[in-house]
Amino acid sequence: MRRERAAQQVSALKLDACLITSLHNVRYLTGFTGSSANVLLFHDGNAVLFTDPRYTVQSKQQVNCAIHIAKGPLTKSLMEEVARRRISKIGFEPEHINVARLEGLTKALPARARLLPVGEGMIARQRMIKDDGEIALIRHAVTVNSKALELALKRLKPGMTETGLAAEIDYQSRKLGANGPAFDTIVAAGKRAALPHARPGSAKIGPGMVLIDMGAFCDGYASDMTRMVHLGPASPKYKRAYRAVLESQLAAIAAVRPGVTAGSIDRAARRVLKKHGLEREFVHSTGHGLGLEIHEGPRLGQNDKTPLEPGMAITIEPGVYLEGWGGIRIEDTVLVTKDGCEILTPTSKDLVEV
Ligand code: ZN
Ligand code: ZN
C-alpha cells in the first residue's frame, strides 16, 4: 500500500522509477532495517531492494519485494538492473544523496538513462500521515517513554548529576524494550535549563528546577516528551512561568484539528505567552512531526502553511528560557484525529515539587 501510493507519485512525475537512498524511506517502503540499502521503486509499484551479503538472511525475513544481494558496489548492481529493464528516466531524492554518490551513479548510467531530482520530500510528505500500524507503534513508544520517566524519577535524589539521571532514564527505557533513545536525553538543572538543548553534564540536580526532555525509539518509531520537576518548594516566579507555559501548551493542543495550518498552532501557543509577557523568551517553534525520525514534517513554525490532517503525529512543546534563571518547557506527543486530536502522552502535567 505504501509502495503503491509512492509509485503513484513516481508515475505522476512521468518517471520510470525512483531511486530511494534514504534508509528511513527504504524502511518505510519495504520494512528493511539494515544499515545499507537502496530501493528502486518502479512507476507500477514494483520495487527491488539492493543490499549487500551481510543482509542476505535479514532482508529475506523483512522484505516483501524483490531483493538483489550485490556482490560488489550497490551502484554496479543498480545500473545492471536499469540496463536490463531498459528504463531511462530515474528520479532520485536530492536531499538524501551526496555529490560523490550522484557523480558515481551518473558515470555508471547506461547510455539512454538520465537521473532527475524528484521534488524535495516526496516520500517525507507521504510519511507525515501515519497509517494504523505506525500509530500503534508510536503509541507504544510514548507509553514506554512515560513509564521510563516514572521509574527513573523514583531514583532521583538531590545531588544526583544530570548525566546520572539521563543514564537512569536511558537504562529504564532500554529495560522496557526501547531500541534506544530517540535523541540524546536532555537533563538540565537550575540555570542550565535556560539552554533549550542542554547536554547533561556533571552539574548536580536540586534544589531547584530540572528540565527533562526524552524520547524512545521502539520498533523504529519515536516518542518525545518534556517534563519539569522541582526539587524543594518552587518560587512564585517559577510557578507563574510554569502556569503560563502550561496554558500556552494547552491552548496549542486545543487548536489542533484537521484543516488548520501547522503555523496556526504555533501562533496559538505564542498568543498565550504574549499575554504573560513571555513571548520573547519562547525561542523555538512549537513542535514537529515524528515517526521513523524524531524530527519529521510538519514543522509547527509560525509561517508553516501545511494543513494538519488526521494521522499526523506531532509534538506540542512551547517553552520559555531566561538566561541566569532557568527555563521551562512542557511537551506532549499528540495525534491529529478526525475531529481534533488525542494527547498520547499519559504523564501528568501538574506542577511537581519533590
Ligand atoms: Zn523533546
Ligand atoms: Zn520535540
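Numbering of ligands and ligand atoms starts at 1, following listing order.
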Pairing of D350 and R227 as salt bridge, 4.0 angstrom limit: no
N/O/S from H295 sitting under 2.8 Å away from the Zn ion (ligand 2): no
Aromatic contact, Y55 with F32 (centres under 6.0 Å): yes
Carboxylate-amine/guanidinium contact E168 R155, below 4.0 Å: yes
Angle subtended at the Zn ion (ligand 2) by E317 OE2 and H288 NE2, rounded to 10 degrees: 90°
N, O or S of D224 under 2.8 Å from the Zn ion (ligand 2): yes
Euclidean distance, N46 CG relative to C65 SG, rounded to 0.5 Å: 9.0 Å
Apex the Zn ion (ligand 1); atoms D213 OD2 and E331 OE1; angle rounded to 10 degrees: 110°
